[in-house]
Number of protein chains: 2
Amino acid sequence: MRILSRKLLGIARARAETLRLLCRMKKAQIVARTKGSVGADTKTAIYAAAKKLIEAKGFEAMTLRQLAAEVGVQPGSVYRYVESKDELLQALMNLHMISLIENWEKLEGKGNDPVSRLKAFVAFHIRYHIERRADVVIANLELRSLGEEYRADVVTKRSQYEANLRNILSDGVKAEVFPNVDLEVTAYAIIAMLTGVCFWYRPDGRLSIDEIIEVHQKLVLQGVVG
Amino acid sequence: MRILSRKLLGIARARAETLRLLCRMKKAQIVARTKGSVGADTKTAIYAAAKKLIEAKGFEAMTLRQLAAEVGVQPGSVYRYVESKDELLQALMNLHMISLIENWEKLEGKGNDPVSRLKAFVAFHIRYHIERRADVVIANLELRSLGEEYRADVVTKRSQYEANLRNILSDGVKAEVFPNVDLEVTAYAIIAMLTGVCFWYRPDGRLSIDEIIEVHQKLVLQGVVG
DNA sequence: CTATTAATCAAACGAACGTTCGTTTAATTA
DNA sequence: TAATTAAACGAACGTTCGTTTGATTAATAG
């Protein structure tokens, strides 16, 4: 057996040498930096591919080899743009939370009374979540995979976003348009219900996004107004 | 650097040799079948530990070595009770769905009018989901990790359970107690909102389970009754 | 035109993964 | 008590993982 393995080792070595020679021959044709490659584009492609793969398989199940293949690059090349797999997830989640908060702030204050503000929130949340399904799925399912050092930051940002809804409800209670609502629980309930949409929504479904929004606006408003 | 790594390799080899000797010495004391070991108990322990670990870290992130350590057994021993890691997840999800459906069927039909049936469903769903958080978290977050051959089965069972709510809503519409509700969307919305509870509920929180149920019953009923 | 920087590749690393296997001991049966 | 079955162990298997490295080419700046 020991002789056999030595023989095999020899064969393997010879084969490796042959492959190396073949590589050297090909090197004149295809190698290293590719024509037209631009770093910024590659980084964008990496982030997009990561979103797609994590949404489909989950963060832990996605390998950097799959990610690299999706981008059309070698596994090692990803590390020019990403510190580590963990840091990549952190970046995706943080960018999403920041974008979510900013986009709502752009709309906020358009209406004055609590009822129209609540309707606006429902519409915004559903539309934004359907349009960025991958971001949302990642942000909601992969918190566990996020390193402890990053998690608190994302959780804080999420709470910050949810505070917008709590403020609307609170103003409604003060103005006596929403009687007897428990701010905390109601906010959780509404958000869960709205976020849930992007887990069953299908573009070719029976209802349009606007119709889905209307159904939810009615449910929410009747729920809190009574 | 090459010299350093050779040095480390040498140290590692020496240490491995020492450990091997220690193992051989211990063999006279601790080995093989342990006293008082019962197969059924071990299987129960494996399922319980798997639930705990998957809930905390996710299915892909849990390793069989962690699972074995949690049970207090060697990694290979797990395979006496489990066909594969995938089959373990499938078993956990299927058992949960079956139990969920059965437990609701035991309660169903206690009330007659759609309103009291809807209230009963809200109460049951929240209480059951809080009490079996691990099961619920797994069933809701790990569908992606489930092999395609098993997934359809779990999805069917889930839809079967959700049909209970759709039937209640449908009866309410026929009896003209719930005017103008979209059966499909409303059912999704209610379930998402109720399931959401077990992602924020804390036993030492401000409200008791009963109080949380009351808040949701009110929200849901006002939402569908108008 | 030359030197420098940006971008990528091929190859390898050790570690950890799920899983298999032959052996060994505890409990049960005949 | 002897033979059989149940339960677990320890060690290893081949594979794949995230990551690092040094060489190599494309684009850009001087």
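Bear in mind that the values here come from a model prediction, so they are computed numbers and not experimental data.
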Q: Of A:Arg80 and A:Arg65, whose closest DNA chain D nucleotide lies nearer the 5' terminus?
A: A:Arg65
Q: Establish, with yes or no, whether the OP1 or OP2 oxygen of C:dC17 is under 4.0 angstrom from a side-chain nitrogen or oxygen of B:Thr63.
A: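 B:Thr63 to C:dC17 OP1/OP2: side-chain N or O found under 4.0 Å.
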Q: Search all heavy atoms of A:Ala56 against all heavy atoms of B:Arg144 and return the closest pair with its distance.
A: O-CD, 3.7 Å
Q: For B:Met62 and D:dC17, what is the distance between atoms CE and P respectively, to the nearest whole Å?
A: 18 Å
Q: Please determine if a side-chain N or O atom of B:Ser77 lies less than 4.0 Å away from the OP1 or OP2 oxygen of D:dC9.
A: yes
Q: Are A:Glu184 and A:Arg166 within salt-bridge range, i.e. N to O under 4.0 Å?
A: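 Salt bridge between A:Glu184 and A:Arg166, a charged N being under 4.0 Å from a carboxylate O: no.
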Q: Just one of B:Leu165, B:Ile213, B:Ile126 clears the side-chain contact (heavy atoms from CB on, under 4.5 Å) bar with B:Leu194, so which one?
A: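 Single pass found, and it is B:Ile126.
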Q: If only side-chain N and O atoms of A:Gln74 are considered, is one of them under 4.0 Å from the OP1 or OP2 phosphate oxygen of C:dA10?
A: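 Result: yes.
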Q: For a quick test of reading the model: is some side-chain N or O of A:Ser84 closer than 4.0 Å to OP1 or OP2 of D:dG18?
A: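 Looking at the OP1 and OP2 atoms of D:dG18, neither is under 4.0 Å from any side-chain N or O of A:Ser84.
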Q: Which nucleotide sits closest to the side chain of A:Pro75: C:dC9, D:dT19, D:dA8?
A: D:dT19
Q: What's A:Val78 touching, base or sugar-phosphate or nothing? Going by heavy atoms closer than 4.0 Å.
A: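 The residue A:Val78 makes no contact with any strand.
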Q: If you go through the side-chain atoms of B:Arg33, does one of them form a donor-acceptor pair with the base of D:dA8 closer than 3.5 Å?
A: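 Flag unset: no donor-acceptor pair detected.
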Q: Tell me: CG of A:Asp41 to P of C:dA7, nearest whole Å?
A: 10 Å
Q: Would you kindly give the CD-to-P distance between B:Glu60 and D:dC17, to the nearest whole Å?
A: 11 Å
Q: To the nearest angstrom, how far is B:Leu64 atom CG from C:dG18 atom P?
A: 5 Å
Q: We want to know whether A:Ser145 and A:Glu142 form a side-chain donor-acceptor pair, criterion being a heavy-atom distance below 3.5 angstrom.
A: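 A pair is found: one side chain offers a donor N or O, the other an acceptor, under 3.5 Å apart.
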Q: To the nearest Å, how far apart are B:Lys85 NZ and D:dT16 C1'?
A: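 After rounding, the reported distance stands at 13 Å.
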Q: Would B:Tyr188 and A:Tyr201 count as a close aromatic pair, with their ring centres under 6.0 Å?
A: no
Q: Quick one: which of D:dT19, C:dT19, C:dA27 gets closest to the side chain of B:Tyr79?
A: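 Shortest atom-to-atom distance from the side chain points to C:dT19.
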Q: A:Leu89 has an atom CG; how far is it from atom P of D:dG18, in whole Å?
A: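 Nearest whole value for this atom pair: 13 Å.
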Q: What's the closest nucleotide to the side chain of B:Lys35 if the choices are D:dT19, C:dA26, D:dC9?
A: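 Of all the options, the side chain of B:Lys35 is nearest to C:dA26.
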Q: In whole angstrom, what separates B:Leu67's CG from C:dC17's P?
A: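 Roughly 12 Å, once rounded to whole Å.
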Q: Look at all strands and tell whether A:Thr34 reaches a base, only sugar-phosphate, or nothing, counting heavy atoms closer than 4.0 Å.
A: sugar-phosphate
